[in-house]
*Asks:* 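Before anything else, here's the structure in question.
In what follows, every chain begins at residue 1, and chains take the letters A, B, ... in the order their sequences are listed.
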Protein chains: 2
Amino acid sequence: MPGHIQSLERAAAILRLLAGGERRLGLSDVASSLGLAKGTTHGILRTLQQEGFVEQDPVSGKYQLGAELLRLGNSYLDVHELRARALVWTDDLARSSGEAAYLGVLHQQGVLIVHHVFRPDDSRQVLEVGAMQPLHSTALGKVLAAFDPVAHSEAAEGERTALTGRTVTTAEDFEAVLELARARGWAADLEETWEGVASVAAPVYDRRRMPVGAVGITGAVERVCEGTEIRARLVAAVRDCARAVSRDLGAGRF
Amino acid sequence: MPGHIQSLERAAAILRLLAGGERRLGLSDVASSLGLAKGTTHGILRTLQQEGFVEQDPVSGKYQLGAELLRLGNSYLDVHELRARALVWTDDLARSSGEAAYLGVLHQQGVLIVHHVFRPDDSRQVLEVGAMQPLHSTALGKVLAAFDPVAHSEAAEGERTALTGRTVTTAEDFEAVLELARARGWAADLEETWEGVASVAAPVYDRRRMPVGAVGITGAVERVCEGTEIRARLVAAVRDCARAVSRDLGAGRF
DNA sequence: AGCTGTGGTCGACAATGTCGACCACAGCGG
DNA sequence: CCGCTGTGGTCGACATTGTCGACCACAGCT
């Protein structure tokens, strides 16, 4: 049995390394970072380059990620059934709530944003599709951790770094937060990830009633909150959206 | 010399195959499509799955692209210098022109959209970042083919399929179109790709004065055109934007 | 010049990935 | 109900394939 293909694992490690570092990396950097021989690293990089997964700056010789990854990532979105179903509903959610709407799924130890609808005003906003958010501090992450067992263990085992003064970091407090989310059917993030920013999210279920993702909205705490709580109207809008997407996926009535 | 790593090339072929087909593919489909033994294919797929590049539907056993590709594709955008410089200028372009703005680069035989600013109204629009456009019929593609020698040979060798009745397909006509683009410094697409849709684009240069991409706008022909020509105001806006981005990249004055 | 770094090449060696037969299971039709 | 045919998946022998580390050419500093 060819357990796992070594060269592929190494290629993946190289890609992740290039994705992590802000700027381009040289051949020697890559080789030493992964503990590989230069020749080996060069062979992998050359092949990755030929396939378009990696590009090389002709003058400096440094390597960076390639365009083919963007194209394939886009194709991933096309195939994604959850995202396809959620497109129209999240659009309505952003419109009715007046805030940016997000759709996230569990990926490794975080939430991967697979859809993002801009807040419906003319402000300049950057698209966050493909970005990762922490499980322990965001509304999307808490929802996943509360309702998806896999996400729960990832969140429990992972580190809970304090991103603001309000971030929940201890295991007991975090479990209490998840318990509350399970009881209420939704989760909130009150300046626990970014100062001045709050979010609400609710789970999306598939036809087997298994949680497959979370939808939510994020916005300035002054707009999203009323006192120390999320505005009830927004909570209702998010939950309605999550139910609508779940129904589209075949989860039936609740 | 380890020419090219076979297993990596095969893995890339599998990913492209999965990206091409609309729906998920089974192990046997993949193996027969690529002419590989099932065992070999399974080994590659298993590794790709472990690395997150491929996901497997637990019930049907079919394979599809994985979330890690989206994450890496997003990282590619972060590193992309051209895109980073263009962010603010394309935003202004969309605002001043009232149309959707695009930034594209050459990738294989087409234009890869690396940035897309929605038309500034409340209509529902789908993000096209990561999508590909043809070189021979779109304004972005013509600009690249006219100014970038590599793009030119790709376009000349590639097939020019007629997407509408107005698509330029013969080699002579196409070269004339490119000559016009070089003379004017910009290119147009008057319903040559989609019925009722027109676009304008201009080239972006880097610090070595080499063309590295193209910016442009796309919109309904009634709004973008005046008679049989693009509105002069929009052409000027696109060219200004292209110059601004080029200047940001260090191309200096023209 | 000479040093030290870079990316890149080469060839020997064996670890590695490949192949094709084989297995367990599921769905279908007789 | 039972084989048939399809699926995804496993296994072990074989040799192809990728790996290693020394080596090369070049560039930028001392």
*Asks:* So which of A:Val129, A:Ile113, A:Leu87, A:Leu82 actually passes side-chain contact (heavy atoms from CB on, under 4.5 Å) with A:Leu103?
*Replies:*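 The residue from A:Val129, A:Ile113, A:Leu87, A:Leu82 that satisfies side-chain contact (heavy atoms from CB on, under 4.5 Å) with A:Leu103 turns out to be A:Leu82.
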
*Asks:* Is a donor on one side and an acceptor on the other found under 3.5 Å between the side chain of A:Ser246 and the backbone of A:Tyr205?
*Replies:*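 Yes.
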
*Asks:* Start at the 5' end of DNA chain D and walk down; is the nucleotide closest to B:Lys62 or to A:Ser7 reached first?
*Replies:*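 Result: B:Lys62.
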
*Asks:* Taking atom P of C:dC22 as reference, at what distance in whole Å does atom CG of B:Leu27 sit?
*Replies:*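 That distance rounds to 19 Å.
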
*Asks:* Rounded to the nearest angstrom, tell me the gap between atom OH in A:Tyr63 and atom C1' in C:dT6.
*Replies:*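 The distance from OH of A:Tyr63 to C1' of C:dT6 comes to 11 Å, rounded to the nearest Å.
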
*Asks:* How would nucleotides 24-30 of chain D be written as a contact map, 5' to 3', with B for base contact, S for sugar-phosphate-only contact and - for no contact, using protein heavy atoms under 4.0 Å?
*Replies:* -------

*Asks:* Touch check for B:Thr40, heavy atoms < 4.0 angstrom, all strands: base, sugar-phosphate only, or nothing?
*Replies:* base

*Asks:* I'd like to check B:Glu68 versus B:Glu51 (side-chain heavy atoms, cut-off strictly below 4.5 Å). Are they in contact?
*Replies:* no

*Asks:* Just N and O in the side chain of B:Arg10: are any of them under 4.0 Å from OP1 or OP2 of C:dC19?
*Replies:*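 Yes, such a contact exists.
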
*Asks:* Send over the distance from B:Asp57 CG to D:dG9 P, rounded to a whole Å.
*Replies:*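 Rounded to whole Å, this separation is 11 Å.
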
*Asks:* Fit a plane to each ring of B:Tyr102 and B:His116, take the angle between them on a 0 to 90° scale, and name the class: parallel (under 30°), tilted (30 to 60°) or perpendicular (over 60°).
*Replies:* parallel

*Asks:* If you look at every strand shown and take non-hydrogen atoms under 4.0 Å, does A:Gln56 touch a base, only sugar-phosphate, or nothing?
*Replies:* sugar-phosphate

*Asks:* Which one is paired to C:dC22, where only Watson-Crick or G-U wobble pairs with both distances under 3.5 angstrom count?
*Replies:*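 Base-paired to D:dG9.
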
*Asks:* Should C:dG17 form a Watson-Crick or G-U wobble pair with both distances under 3.5 Å, which nucleotide is its partner?
*Replies:* D:dC14

*Asks:* Could you tell me how far apart B:His4 (NE2) and D:dT16 (C1') are, to the nearest whole angstrom?
*Replies:* 17 Å

*Asks:* Would you mind reading off the distance between B:His42 atom NE2 and C:dA21 atom C1', rounded to a whole angstrom?
*Replies:*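 In whole Å, C:dA21 C1' and B:His42 NE2 are 16 Å from each other.
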
*Asks:* Round to a whole Å and report the spacing from CZ of A:Arg46 to P of C:dG8.
*Replies:*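 Atom-to-atom, A:Arg46 to C:dG8, this comes out as 9 Å.
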
*Asks:* Could you state the interatomic distance from OG (B:Ser7) to CZ (A:Arg10), rounded to the nearest 0.5 Å?
*Replies:*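 Rounded to the nearest 0.5 Å, the OG-CZ separation comes to 11.0 Å.
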
*Asks:* For C:dG7, does either OP1 or OP2 sit under 4.0 Å from a side-chain N or O belonging to A:Ser28?
*Replies:*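 Yes, because at least one side-chain N or O of A:Ser28 sits under 4.0 Å from OP1 or OP2 of C:dG7.
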
*Asks:* Between P on D:dG18 and CD on A:Glu9, what's the gap in Å once rounded to a whole number?
*Replies:*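 Result: 15 Å.
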
*Asks:* Measuring from atom CG of A:Asp206 to atom CG of A:Asp248, what distance do you get when rounded to the nearest 0.5 angstrom?
*Replies:* 13.0 Å

*Asks:* Could you state the atom-to-atom distance from CG of A:Leu36 to C1' of D:dC20 in whole Å?
*Replies:* 10 Å

*Asks:* Please confirm whether the backbone N or O of B:Ala37 pairs with a side-chain atom of B:Thr41, one donor and one acceptor, at under 3.5 Å?
*Replies:*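 Between the backbone of B:Ala37 and the side chain of B:Thr41 there is a qualifying donor-acceptor contact (under 3.5 Å).
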
